[in-house]
Amino acid sequence: MKHSWAVVMLSKIKLLCAGVTFGFVTFCSHVQADTFELQKVAEGVYVHHGQHLDIDDGYQGDICNLGVVVGRDAIAVIDSGGSKHTGEQLLQAIKTISPLPIRYVINTHVHPDHTYGNAAFQNGATHFVGHEKLANTMLLRKEQYEKLNARLLGEAGKASATITPDTAVHDQLTLDLGGRSLQLQAQKVAHTHTDLTVLDTKTNTLFTGDLLFAQRTPVVEGDIKGLIAALEYVNQSHYALIVPGHGLESADQPTIIGNELRYLNLLLADVRNSIKKGISMEQTMDSAAAAEHDKWQLFDIANRRNVNVIYPQLEWE
């Protein structure tokens, strides 16, 4: 199938329109302000793809996916980036799409690469939305995360601030954008204990946050068994498009979810086996889920961190 590209220059903004295939034709327009790009993945739904950089190697506050959903009356942002600067870039890109007000900024979980762009959206009218445990967790980690941002990002990090949600999701919450609703679902302990999924019901597009990774090695901070259970629950419903927290969105649900479940189940089995055999955590870091090594980016560092998290937890099974 051949697809045409049209390029229109608007000042420093480039608008690229094209169709790509996920097994069918979908939307793939690009709005780019300097080097910051939003890609249209469904009608009224845009994604900015962060770079696959580790937080300790080249991190610049822009490594995760950021979502934008445009309704008839208002806009919702799904994750805001790792610094106020990244949030400001996102805000400027949104203005090239629509003049509508940004009514909501939704944070899918506590990690700083998803939340520290919030400061760019403080205007007295935008509501910040998150899991019922998110506000307290952000405050508990405030000093740690702000020091980390200052060390890694310099002045851009120092200019960022911890902005907690004013709207909590206890179980489910529906947000109205005018002719378009977003269904938010609070998750149990999985990637973290503050995870939230967002479903755009108009296009049946699911934003998973970091419950789901594509291309980049999945990360476990919370509970690997809970993460597996959360993904299996998500997989019980069908979605037209799934946007992971990191990596490319996909309409191939069995593959994008199946890849992560394969990795997590192998990691879980290998760590359990090491514990049973009395193999140390350090040795297990070099061997667990080794068959997955060439299937993911940043595998060596992320997989070792995952073992470091889950090995002590599984010792108490």
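Using a 4.0 Å cut-off between charged nitrogen and carboxylate oxygen, R216 and E260 do not count as a salt-bridge pair. Ion pairing of K158 with E146 is absent here, as no side-chain N (NZ or NE/NH1/NH2) approaches a carboxylate O to less than 4.0 Å. Look at R304 and D286 and you find a salt bridge, because one of the NZ, NE, NH1 or NH2 atoms lies within 4.0 Å of a carboxylate O, short of that distance. Contact check on E292 versus R262 returns a salt bridge, with a Lys/Arg side-chain nitrogen under 4.0 Å from an Asp/Glu carboxylate oxygen. Using a 4.0 Å cut-off between charged nitrogen and carboxylate oxygen, E232 and K225 do not count as a salt-bridge pair.
The side-chain heavy atoms of T86 and Y116, taken from C-beta on, include no pair separated by under 4.5 Å. At a threshold of 4.5 Å between non-hydrogen side-chain atoms, the residues E143 and L148 do not count as touching. You'll find the side chain of L268 reaches within 4.5 Å of the side chain of I228, heavy atoms only. V309 has its side chain out of reach of N306: every pair of non-hydrogen atoms, C-beta onward, lies at least 4.5 Å apart. Residues F128 and I106 form no side-chain contact, since every pair of their non-hydrogen atoms from C-beta on lies 4.5 Å or further apart. You'll find the side chain of E43 stays beyond 4.5 Å of the side chain of K202, heavy atoms only. Residues E88 and S83 form no side-chain contact, since every pair of their non-hydrogen atoms from C-beta on lies 4.5 Å or further apart. Contact annotation: the side chain of Q60 never approaches that of H85 to less than 4.5 Å [non-hydrogen atoms, C-beta and beyond].
At least one donor-acceptor pair under 3.5 Å links the side chain of Q313 to the backbone N or O of G222. The backbone N or O of H109 sits nowhere less than 3.5 Å from a side-chain atom of T194 that would complete a donor-acceptor pair. Side chain of N65 to main chain of P244: a donor-acceptor pair is present (N/O by atom type, distance under 3.5 Å, no hydrogens or angles). Looking only at distances, no side-chain donor or acceptor of N303 sits under 3.5 Å from a matching main-chain atom of A289. Checked by atom type and distance alone, the side chain of N204 never pairs as donor or acceptor with a backbone atom of T201 at under 3.5 Å. Side-chain atoms of S80 come within 3.5 Å of backbone N or O of N118 as a donor-acceptor pair. The backbone N or O of D176 lies less than 3.5 Å from a partner atom in the side chain of R103, making a donor-acceptor pair. One N or O on the side chain of S280 and one on the backbone of Q283 form a donor-acceptor pair closer than 3.5 Å. Of the possible donor and acceptor atoms, one in the side chain of D79 sits under 3.5 Å from a partner among the backbone N and O of T108. Of the possible polar contacts, none joining the T126 side chain to the N123 backbone as a donor-acceptor pair under 3.5 Å is found.
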Exercise for the section: Report the C-alpha separation of D113 and Y59 in whole Å, then their side-chain angles, then the decisive distance to 0.1 Å, and conclude whether the side chain to side chain contact (heavy atoms under 4.5 Å, CB included) test is met. Expected result: CA-CA 9 Å; D113 53 318; Y59 178 70; 3.7 Å; yes
Handout entry: E221/H111 under side chain to side chain donor-acceptor pair (under 3.5 Å): CA gap, chis, key distance, verdict
Key = CA-CA 10 Å; E221 178 195 291; H111 286 158; 2.5 Å; yes
Exercise for the section: Give the C-alpha distance, both sets of side-chain angles, the deciding distance and a yes or no for side chain to side chain donor-acceptor pair (under 3.5 Å) between H48 and D62. Expected result: CA-CA 9 Å; H48 170 74; D62 184 12; 2.8 Å; yes
Practice task
Would you sort out whether Q172 and L184 count as a side chain to side chain contact (heavy atoms under 4.5 Å, CB included), showing the intermediate values?
Solution key: CA-CA 5 Å; Q172 297 181 341; L184 281 58; over 6 Å; no
Problem - side chain to side chain contact (heavy atoms under 4.5 Å, CB included) between V220 and L227, intermediate numbers included - result: CA-CA 8 Å; V220 183; L227 180 52; 4.0 Å; yes
Problem - Test log, rule side chain to side chain contact (heavy atoms under 4.5 Å, CB included), inputs I242 and I257 - result: CA-CA 9 Å; I242 295 180; I257 294 180; 3.9 Å; yes
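Nearest heavy atoms, F299 versus H293: CD2-CD2, 3.4 Å. T203 approaches A240 most closely through the heavy-atom pair O-CB, 3.5 Å. Closest heavy-atom contact between W296 and T217: CB-OG1, 3.2 Å. The two residues S237 and Q253 make their nearest non-hydrogen contact at O-NE2, 2.7 Å. Here the closest heavy-atom approach between residue I224 and residue L264 is recorded as CD1-O, 3.5 Å. Looking at every heavy atom in both residues, D54 comes nearest to R305 through OD1-NH1, 2.7 Å.
Side chain to side chain, H49 and E37 fail the donor-acceptor criterion of an N or O pair below 3.5 Å.
If you run ring pair (Phe, Tyr, Trp, His ring centres under 6.0 Å) between H114 and each of H191, H246, H131, only H246 comes through. Of the options I275, N308, N273, I279, a side-chain contact (heavy atoms from CB on, under 4.5 Å) to T284 is made by I279 and by none of the others.
Taking the side chain to side chain donor-acceptor pair (under 3.5 Å) definition, one finds that Q236 meets it with nothing, sequence neighbours left out. For V68, the side chain to side chain contact (heavy atoms under 4.5 Å, CB included) criterion is met by L38, Y46, V70, I75, L90, I94, not counting sequence neighbours. The side chain to side chain donor-acceptor pair (under 3.5 Å) test applied to D166 returns H127, not counting sequence neighbours.
In terms of hydrophobic clustering, with Ile, Leu, Val, Met, Phe, Trp and Tyr side chains grouped at heavy-atom distances under 4.5 Å, V45 and Y104 are assigned to a common cluster.
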